[in-house]
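To keep things clear, I will list the structure first and then write my remarks on it.
In what follows, chains are A, B, ... by sequence order, proteins preceding strands, each numbered from 1. What you see is a predicted model; the values in this text were computed from it and never measured.
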Amino acid sequence: MPAKKSIRVTKAQQQIVKTPFDQTVFLEGAAGTGKTTVGTRRIRYMFEEKVAPDSILILVPQKALALPYYDELKRKKTAGSQVGVMTIGSLSQQMVDLFWPLVAEEAGFKHPMKRPHFLSLELVQYYMHKIIGPEIDRNGYFNSVTINRNRLFSQIVDNLNKASVVGIPYQEVGERLKSAWQGDETQKHVYDDAQRCMTRFREFCLENNLLDFSLQVHVFIDYLWPMEAPRHYLLNKFRHLIVDNSEEDNPVTHAMLGDWLPQCDSALIIYDTDAGYRRFLGADADDAYRLKAHCDTHAMLDRHFTMSDDMTAFAVEMAETLHHPLEGVKVKRKADALAAIEFPESIRYHPQMVDAVVERIAALIYDEGVPTSEIVVIAPFMSDALRFALMTRLEAYDVPARSHRPSRALREEPAALALMTLAKLAHPAWQMRPTTFDVAHALTTAISDLDMVRARLLVDVLYKKGQLAAFDNIRNAEIQQRITFELGERYDMLRQWIDEYQQEMSPQLDFFWSRLFGELLSRNGYGFHDDFDATRTAANLIDSARHFRQIIGSIDPDAPLAKDYVEMVQRGILADAYLDWQLEDTESVLLTPAYTFLMSNRAVDYQFWINVGSPGWATRLYQPLTHPYILSLQWEQGRKWGDEDELAANQDALYRLVLGLIRRCRERIYLGFSELGEQGYEQRGELLMAIQGMLRRRALEEA
Amino acid sequence: MNLLGDFTFSQSSLQDDVDCPRRFELRYLKRVRYPAPETQDMLEFEQLMQHGADFHRLIHQYILGIPTELLTPFADEAPLNLWWRHFLADGLRDVPDEKRLPEMTLIAPLGDYRLLAKYDLLAITPGERAVIMDWKTSRNLPKREWLAAKLQTRVYRYVLALAGDELNDGAAIPPDAIEMRYWYAEHNRVISFPYSEAQFAEDERYLLSLIAEIEERDIFPLTTDDRRCRFCTYRTLCGRGNEAGLLDEYETDFEITLADDFDIDLDQIAEIEF
């Protein structure tokens, strides 16, 4: 791992770092001006000045944004307590868990004398399918909407979450959406249906002591925070606040902070201008800015440390093109915006553009010695097809790459698929007989050295009616030899293990997998023995199944949990989002959607923007059940959402996105464009128009 | 050199190293997840762990001042109800009440690294004495000598002596003022360990020698006590058997404790964002 560059801080930064510990500071500035550096140095300074670490709370909108702080905390070698690092989600959950007996009854839970159950996102999806799915079918909800069920449920959950973090009663969401709608009546029925589903889901949660994210935040903010004991506990415990990326947090968090600021000893509220990327999750940058009025001191950083002079010139040009000229940013006389970008000559087809991008990346690495970790490939959406195309081409050049998705679909991992198939084989009563292909695949994963060809041979002969027969049932000696007796013996041991298990089956699927793993699949000669990626996948799957059993089983002890779990995984509802991002090898080229990169809040030397002609850079996702702008504090109730609003919102989003990316690039941006896009259609998106507009203006100026 | 400079030790990781260096290597250096069963009686083991966690939470809530009558309904099933009765009767007997800090984490430097201790309760009369309380929910009562040799007994007292200033009005807590008490909920029994300057110096020497050994190791050998392997999830990886041992044997020979892997948690920040 290369040594981390040490960062020098300026006088302006130093001054903020050393603000007395009885003052609150609001620090604003654009990305790349060193605000988070101030935050981490402030922590260091507090340690030096003997501020008790456990009196410090670092609050961030999502955990990934706390990474620079974790790095700083790890450097601390002096003795003392531990700093709290939280998001509004983790803070809510901890507080509800601790103070539940004080608040459960008042908050409307039906069993206040029983423990609460905190729902992960996958369990929320599960209950949506179980509880809301049948309601939709029975009542014919959402007839006019043609999106798949999972996305439908996501938007219902989104509405609940937004209501909670914006501070709108969830019962008013449908009406708010309707009041802003000015199209045909059918859409209003969709909003009514969404409201009914939200209400039913919330009722179900209250009946069963279940708390999804929205209910955790609601109970914390609306019941615990105003209550003497929990509030006193928090205010007393955390006397010093450091809040980073406040613009990406939501109104209820801002309101809590507004209350907290006059009562804490010190605070540093960090605000990134021109950001607010998490709007679709309820973030409200305008609302965050109001925290400034609650702080004793206001500070601004405007010197960019990230961008080269040419890149600064490009940022200025693009901002002007997107009708938001940057104020106060000086461009050096010799700086050239066009030197910061590379816009290849006309490429007709999408695969050619991908080839060109990959060739350029390889040249940077092999000819210019650029580290792989300093290159990121960014697209508005990173489809599986695009990811695959990039990965395979980069692999051909021997360039290591990683694909950054915030979550990793566990059910797509070969090890998880194999464990699923073996579970089906071991539980014939489920009547989920796996296909011959799935069994062959499972065998190749489970048994070391067994390739697909030999696995197919085994399965073709020995897998009948959902049962595996013994290896010696292969009568053809030539086939036996091709498979080899050694592999045949391993196969037989697996088959016997399943047979023995079937004599005394366990109702707990996670126990089944754990035993199968521990007693057989992890032995020498089996696929999980020393394949630590596979063992990690198995561990994650077992955790997921255990969590499912513990929560769902406590609500409905008679439910066929093991079978239910497998079915739900197959339908893409469970084991879908499983975070594993800490384990990534960062010494590789990163492939990422644009907003995910922005929310990792780091800069690189080289960015490759793929599909710059795509409308996806500026257009919101199709979300017929929800609306990030109308479900916000800034929206004037009763006003209609019109085309001009949509246009303005898209332009504003594009401006923030483009500036955010440019400010996180040191050297150069490569613009990947093909006349025909991924789907074969001509590309004329807003980003492309803006870039071409800038180029034309530059050409005219130079002429 | 096997360790990164930001490595954080804990009593769990050091105990693992003492019990089996290979286990330490797999768990803390290579971070291998290996989901084999700890014991054959998986459900019973899980329930014991769950009751233990519930009990710790109840005490945390009690110390924060949530009224007993609101907490007792959450201890309505065995063995939690018995533990809770014992706790209400005697759990805090002769425990300082000037400053009670539940679920407190302290970190102290240890050589070039950090040593972390996560306490169930620190009860301090500033300037006078500090009592470390550790709630134990295992069914067997261990021998005093066995506990005395545990890394937890050494690490917890040592870290408090080094890092307790901020809890003691800014003054270091002298080892003589520190006492560590294990309170066994099932038996309502306390096993107590005072501390001393001499023991502190001996602990420091011992802990630094453990770390030096880890740093210099080329190979992390397997434990010579292969009874341990029956309850270790890495047993197949190490070629030390395929089946887990029985829970009763586990409890006879060892002790079930709640995981104290905070140092790992620090690096496995995983939260599903909505």
Side-chain angles (χ1 to χ4, degrees), chain A residues 50 52-54 62-64 66 70 73-82 87 89-90 97-99 101-102 113-115 120-122 157-158 161 213-214 229 233 281 406-407 508 511 513-515 517-520 522-524 529-530 532 535-536 538-540 542-543 577 579-582, chain B residues 4-8 30-37 40 42-43 46 50 54 57 60-61 64-67 70-71 73-74 76 101 104-109 112-114 116 118 159 162-167 170 233-237 239 242-244 262 266-274:
Chain A
K50 306 282 182 212
D54 75 335
Q62 65 182 43
K63 285 272 178 174
Y70 278 109
L73 295 177
K74 282 187 195 168
R75 297 162 62 113
K76 176 179 176 280
K77 290 288 192 307
T78 50
S81 53
Q82 211 178 33
T87 62
S90 60
D97 190 45
L98 214 44
F99 290 98
L102 294 182
M113 297 300 184
K114 298 279 178 206
R115 290 282 312 144
S120 61
L121 199 56
E122 64 175 5
V157 175
D158 257 14
N161 290 344
F213 173 88
S214 72
Y233 166 76
L281 297 176
S407 60
Q508 295 90 4
F511 291 175
W513 274 329
S514 187
R515 278 190 54 206
F517 174 88
E519 293 171 15
L520 192 83
S522 61
R523 288 190 201 180
N524 196 5
H529 179 65
D530 55 3
F532 298 144
T535 64
R536 191 169 59 239
N540 283 341
I542 290 168
D543 283 350
L579 296 185
D580 229 352
W581 51 269
Q582 273 290 312
Chain B
L4 290 175
D6 58 15
F7 193 88
T8 304
K30 296 191 167 170
R31 299 186 176 194
V32 173
R33 294 199 67 197
Y34 219 67
Q40 279 190 31
M42 297 170 76
L43 191 57
E46 179 180 286
Q50 187 56 55
D54 289 344
R57 187 192 304 102
H60 190 177
Q61 292 170 319
L64 289 184
I66 297 179
L70 287 181
L71 296 176
F74 293 91
D76 61 347
L101 305 160
M104 183 80 189
T105 299
L106 292 179
I107 299 173
D112 292 334
Y113 308 99
R114 310 186 326 153
L116 173 148
K118 188 169 185 292
V159 169
L162 271 183
D165 311 25
E166 68 187 65
L167 316 174
T233 60
Y234 298 118
R235 70 185 79 85
T236 40
L237 183 62
N242 304 320
E243 286 192 7
F262 229 68
L266 205 68
D267 277 338
Q268 291 184 346
I269 321 147
E271 176 176 286
I272 296 193
E273 306 288 345
F274 97 82

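Q61(B) contributes a side-chain N or O that, together with a main-chain N or O of L98(A), makes up a donor-acceptor pair within less than 3.5 Å. Looking only at distances, no side-chain donor or acceptor of R523(A) sits under 3.5 Å from a matching main-chain atom of N242(B). Using modelled atom types, no side-chain atom of T535(A) and backbone atom of Y34(B) make a donor-acceptor pair closer than 3.5 Å. At least one donor-acceptor pair under 3.5 Å links the side chain of E166(B) to the backbone N or O of S81(A).
Heavy-atom pairs under 4.5 Å with chain A peak, among L70(B), D54(B), L167(B), at L70(B). Each of L106(B), V32(B), L237(B) has some count of heavy-atom pairs under 4.5 Å with chain A, and the biggest count is that of L237(B). Among the candidates H60(B), K30(B), E243(B), the residue making the largest number of heavy-atom pairs closer than 4.5 Å to chain A is H60(B).
Residue F511(A) touches chain B through both its backbone and its side chain, counting heavy-atom pairs closer than 4.5 Å. Heavy atoms closer than 4.5 Å to chain A are found in the side chain of L71(B), but not in its backbone. At a 4.5 Å heavy-atom cutoff, the contact between R115(A) and chain B is made by backbone and side-chain atoms alike. Within the 4.5 angstrom heavy-atom criterion, only backbone atoms of T78(A) (N, CA, C, O) approach chain B. Residue contact with chain A, scored on non-hydrogen atoms closer than 4.5 Å, involves the backbone and the side chain of M42(B) alike. For L64(B), the part lying under 4.5 angstrom from a heavy atom of chain A is the side chain only. Looking at E46(B), the atoms closer than 4.5 Å to chain A (heavy atoms on both sides) all sit in the side chain, from C-beta outward. No part of A229(A) comes within reach of chain B, as not one of its non-hydrogen atoms sits under 4.5 angstrom from that chain.
Atoms CG and CG, on L73(A) and D6(B) in that order, are 11.0 Å from each other to the nearest 0.5 Å. Distance CD/E519(A) to CZ/R235(B): 8.5 Å, rounded to 0.5 Å. Taking NZ from K114(A) and CG from D76(B), the interatomic distance works out to 4.5 Å, rounded to the nearest 0.5 Å.
What you find for P67(B) and L102(A) is that their closest heavy atoms are CD-CD2, 4.2 Å. Nearest heavy atom pair, residue D112(B) against residue K77(A), reads O-CE, 2.8 Å. Scanning both residues, A163(B) and G80(A), for their nearest heavy atoms gives CB-N, 3.5 Å. Heavy-atom minimum distance, A36(B) versus G518(A): CB-CA, 3.5 Å. The nearest pair of heavy atoms linking K74(A) to R114(B) is O-CD, 3.8 Å.
Annotation: side chain of L116(B) is in contact with side chain of Q82(A) (closest heavy-atom distance under 4.5 Å). In this structure, the side chains of D543(A) and R33(B) come closer than 4.5 Å at one or more pairs of heavy atoms.
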